[in-house]
Enquirer: 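Before we start, here is the structure in question, set down as structure tokens.
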Amino acid sequence: MEHNFDAVVVGAGHAGCEAALALARLSMNTILFTVSVDSIALMPCNPNIGGTSKGHLVREVDALGGEMGKNIDRTFIQSKMLNQSKGPAVHSLRAQADKQAYTQAMRKVLEETDHLTIRQAEVTELLVEGGRITGVRTFTDTIYHCEVCVLCTGTYLNARCITGDISVKTGPNGLQPANYLSSCLERLGIELRRFKTGTPARIDGSTIDFDKMEPQYGDENIVPFSFTNTSEDLQRDQVRCWLTYTNEETHEIIRDNLDRSPLYSGYIKGTGPRYCPSIEDKVVRFADKNRHQVFIEPEGLYTNEMYVGGMSSSLPEDVQEKMYRSVPGLENARIVRNAYAIEYDCINSLELLPSLELKKVKGLFSAGQANGSSGYEEAAAQGLIAGINAARRIQGKNPVIIDRSQGYIGVLIDDLVTKGTNEPYRMMTSRAEYRLLLRQDNADERLTELGYEVGLISEERYLSLKEKLNMIQKEIHRLKHTFAGSNDKVRTLLQKYNSTVLNSGVSLAELIRRPELSYEILDEIDPERPELSEEVREEVNINLKYEGYIKRQLKQVEQFHKLERRKIPSRIDYSDIRSLRLEAIQKLSDIRPESVGQAARISGVSPSDISVLLIYLEQYRKEENKGRM
């Protein structure tokens, strides 16, 4: 049996959902394959969306027209803005999700989307002719012809779950693994890696003594993930999370059983995530610490299951029981689901173009943990970009490439395709050189116009953004040209906030730049202030308070763009370039960077190699111009 579609998406996790929705919303006849329709947008590990740097990704996905932000706004049970004591560059939104509600809500969106078909079936083979994808074959030997295909296989490729010395060939949550695609990819000459991740146990909440733990509350003023929502839209009762700690007894139990840990016995071969280690890893690597944080988080409103954040493990079941019960509040806890590690195959991300298309197979794209990343948010961001670029390939348009100065999405993808990764990649604010410009609050200002040009943002939403930007600029202009004198009212306000009293008039903008003052505080001495939305007021405050730093970073971006604009012809033979070091020749030949900027970020390519390359490119350009004359 055979069927015809414009696009095939393999896998319905967070990457697959965004890829399929992008393709369908751009009018591509799309089929989305999943091993189980009940696992659409499954959250097999932590029950939350967002967090440090990850919240930036979700807001950028929303700004471009993706769905994750809207879906978590529909289904969150606690919301919190992290890092509020620090600067706005690292403020990150995080929300606890009702896992079941999140999955059901996303499935409903998919089912109600035109041009999109959902199919429960395992894809076992990619059909390629002349270096181009032509379709896929399922386990039942049905062929689905297509022009483009997006692989979003998550942690399912040749997956096995491990607890102690027990290993089961299964995907996360006991779901069916994908046992055939790995060998198909290898036949196509695509290099695979073996990675590992893990998840903690789930505990019956009715057996937990919460009196021994510290309650963790959500924010009163809820900040939406989606720019289409307001705080007022999302007011609801929120659940509590809880904080407790491991102790020396916990660590002793772990140390006494390290010989039974598959991580240390050599039973697990895959490389695990450095920035999200198991509790065994924490105890070994941070031997000087006598305790580690443990967050108890509800899995949903209609279940007693609690997620034990910070204690992922692959230790045997009997050790897990002792280990968890040594934690204050968990002395009588009953385990509902054991902690486990999961090993899986993924693509060496250096096989990808910046568009997320495979270099060796035209029309074949890949997104999410299949590319060696970790996390729901990283997956959704890649899925959206892969879906957009797959559609643009069909449309005959140039791919959308977000650069490192435009978004965390650009940093994520550039890191994967330029630097590669030898472990599950996790997004962090420290990876973004221009993070003051790439704040979570201004993601719409940076990316919504691009989403509109692509076709995923409505004209109404785009015009609303333009109006917002206009209001921000008008208010900044007013504040720079409105002056406060040294009268009693101003003096009283400044003294109240321990701010230096004025001897002469200064603009309100100058006062806002003082660390102890803000746009909101000056309300008392600013009778002409217009009525503005909370998000506009926030942008005005940040733009004025950090104006000098922002200008400095914009200059850095100008230098960055100069190297990005120096394109490298695809036909260059790097072995012909004299004075290039051998390692640089090898790395440049393998990765084939599109610009000098990208070449400079490749591990193993030194500044001196870049100088040699620039000289060669200038000579190359002159020779080309001579040939045209």
Side-chain angles (χ1 to χ4, degrees), residues 45-48 50-54 80 82-83 85-86 90 92 94 162-164 195-203 212-214 216 241-297 306-331 333 335 338-343 372-375 378 421-431:
C45 193
N46 52 294
N48 50 66
T52 303
S53 77
K54 291 167 177 280
K80 201 168 192 174
L82 305 181
N83 303 324
S85 62
K86 300 177 182 177
V90 293
S92 288
R94 182 178 186 267
I162 305 153
T163 302
F195 280 0
K196 165 258 168 190
T197 187
T199 190
R202 310 304 194 272
I203 303 291
K212 295 182 178 178
M213 301 179 178
E214 302 168 26
Q216 306 289 299
C241 297
W242 306 86
L243 173 63
T244 183
Y245 297 88
T246 63
N247 50 52
E248 201 46 55
E249 182 188 353
T250 317
H251 301 176
E252 195 63 34
I253 292 167
I254 292 167
R255 282 192 289 263
D256 287 347
N257 289 278
L258 281 177
D259 61 320
R260 299 180 65 197
S261 166
L263 277 177
Y264 290 92
S265 68
Y267 189 49
I268 289 178
K269 304 296 184 188
T271 306
R274 189 190 331 174
Y275 301 103
C276 189
S278 67
I279 190 64
E280 301 97 285
D281 260 349
K282 288 180 187 177
V283 169
V284 171
R285 286 164 51 187
F286 308 108
D288 57 317
K289 292 194 174 239
N290 56 18
R291 69 176 191 171
H292 295 283
Q293 287 184 327
V294 178
F295 289 96
I296 306 299
E297 302 169 337
M306 294 283 178
Y307 180 87
V308 189
M311 284 191 76
S312 70
S313 176
S314 57
L315 285 163
E317 185 174 337
D318 62 307
V319 181
Q320 286 189 32
E321 190 161 299
K322 290 177 190 173
M323 175 182 76
Y324 286 118
R325 286 188 173 182
S326 69
V327 175
L330 300 183
E331 292 89 348
I335 293 176
N338 283 328
Y340 63 85
I342 182 167
E343 274 191 333
S373 63
S374 66
E378 289 93 335
T421 182
N422 294 318
E423 62 190 31
Y425 177 97
R426 180 179 179 176
M427 192 70 244
M428 295 182 291
T429 51
S430 59
R431 296 189 191 272

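Residues take their numbers from the sequence shown, with the count starting at 1.
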Enquirer: Specify the closest pair of heavy atoms between Pro200 and Met311, including all atoms of both residues, with the distance to one decimal.
Expert: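 Closest approach of Pro200 to Met311, heavy atoms only: CB-O, 3.3 Å.
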Enquirer: Just wondering, do Ile335 and Ile203 contact through their side chains at under 4.5 Å, heavy atoms?
Expert: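 Touching, per the 4.5 Å side-chain cut-off.
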Enquirer: In the structure I gave you, are the side-chain heavy atoms of Asn247 and Val327 within less than 4.5 Å of one another anywhere?
Expert: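 A side-chain contact is absent here, since even the closest heavy-atom pair is not under 4.5 Å.
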Enquirer: Hey, what do you get for CG (Asn48) to NZ (Lys54), rounding to the nearest 0.5 Å?
Expert: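 Between atom CG of Asn48 and atom NZ of Lys54 there are 9.0 Å.
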Enquirer: Report yes if the side chains of Ile162 and Lys196 come closer than 4.5 Å at any heavy-atom pair, otherwise no.
Expert: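 A side-chain contact is absent here, since even the closest heavy-atom pair is not under 4.5 Å.
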Enquirer: Measuring only between side-chain heavy atoms, which start at C-beta, is Tyr245 closer than 4.5 Å to Glu214?
Expert: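 With C-beta onward as the side chain, the pair touches.
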Enquirer: Considering residues, nucleotides and ligands other than Lys282, do more than 12 of their heavy atoms fall under 6.0 Å from its NZ?
Expert: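 Buried by this count: over 12 neighbours within 6.0 Å.
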Enquirer: What distance separates Trp242 CH2 from Met306 CE, expressed to the nearest 0.5 Å?
Expert: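 Between atom CH2 of Trp242 and atom CE of Met306 there are 8.5 Å.
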Enquirer: Which heavy atom of Ser312 sits nearest to which heavy atom of Glu280, and what is that distance?
Expert: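 Smallest interatomic distance, heavy atoms only, reads O-OE1, 3.6 Å.
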Enquirer: Which heavy atom in Val90 sits nearest to a heavy atom in Asn83, and how many Å separate them?
Expert: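 Closest approach of Val90 to Asn83: O-ND2, 2.9 Å.
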Enquirer: How far apart are the closest heavy atoms of Leu315 and Ser261, and which atoms are they?
Expert: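 Minimum heavy-atom separation between Leu315 and Ser261: CD2-CB, 3.6 Å.
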Enquirer: Step by step, would you call Thr244 with Lys212 a side chain to side chain contact (heavy atoms under 4.5 Å, CB included)?
Expert: CA-CA 8 Å; Thr244 183; Lys212 295 182 178 178; over 6 Å; no
Enquirer: Taking all non-hydrogen atoms of both residues into account, name the closest pair between Glu378 and Tyr425 and its distance.
Expert: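 Minimum heavy-atom contact is OE2-O, 4.4 Å.
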Enquirer: Rounded to the nearest 0.5 Å, what's the gap from OH on Tyr324 to CG on Asn338? Could you check?
Expert: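 The OH atom of Tyr324 sits 8.5 Å away from the CG atom of Asn338.
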Enquirer: Closest approach of Ala339 and Ala201, non-hydrogen atoms and distance?
Expert: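 Heavy atoms of Ala339 and Ala201 come nearest at CB-N, 3.4 Å.
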Enquirer: Do other residues, nucleotides or ligands put more than 12 heavy atoms under 6.0 Å from the CD atom of Glu331?
Expert: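 Yes.
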Enquirer: Can you confirm whether Ser326 sits close enough to Ile253 that some side-chain heavy atom of one is under 4.5 Å from a side-chain heavy atom of the other?
Expert: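 Side chain of Ser326 against side chain of Ile253, heavy atoms only: contact under 4.5 Å found.
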Enquirer: Any carboxylate oxygen within less than 4.0 angstrom of a Lys/Arg side-chain nitrogen, looking at Lys80 and Glu297?
Expert: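 No, no charged N to carboxylate O under 4.0 Å.
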Enquirer: If we ignore hydrogens and angles and just use 3.5 Å, is the side chain of Thr163 paired with the main-chain N or O of Pro316 as donor and acceptor?
Expert: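 The answer is no, because no donor-acceptor pair under 3.5 Å joins these two groups.
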Enquirer: If you apply the rule salt bridge (Lys or Arg N to Asp or Glu O under 4.0 Å), what do you find for Arg325 with Glu249, and how did you get there?
Expert: CA-CA 10 Å; Arg325 286 188 173 182; Glu249 182 188 353; over 6 Å; no
Enquirer: Counting only N and O atoms by type, is there a donor-acceptor contact under 3.5 Å from the side chain of Ser53 to the main-chain atoms of Met427?
Expert: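 The answer is yes, because a donor-acceptor pair under 3.5 Å joins these two groups.
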Enquirer: Salt bridge check, Arg260 against Asp318: does any charged N sit closer than 4.0 Å to a carboxylate O?
Expert: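 Looking at Asp318 and Arg260, the cut-off is met.
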Enquirer: With a 3.5 Å distance limit and no angle check, can you tell me whether Ser278 reaches the backbone of Asp281 through a side-chain donor-acceptor pair?
Expert: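 Yes; at least one donor-acceptor contact below 3.5 Å.
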Enquirer: Can you check side chain to side chain contact (heavy atoms under 4.5 Å, CB included) on Arg202 and Tyr307, steps first, answer last?
Expert: CA-CA 5 Å; Arg202 310 304 194 272; Tyr307 180 87; 3.6 Å; yes
Enquirer: Rounded to the nearest 0.5 Å, what separates atom OG in Ser314 from atom OH in Tyr340?
Expert: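 If we round to the nearest 0.5 Å, Ser314:OG and Tyr340:OH are 12.5 Å apart.
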Enquirer: Please determine which of His251, Arg291, Lys289 meets the side chain to side chain donor-acceptor pair (under 3.5 Å) test together with Thr246.
Expert: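 Single pass found, and it is His251.
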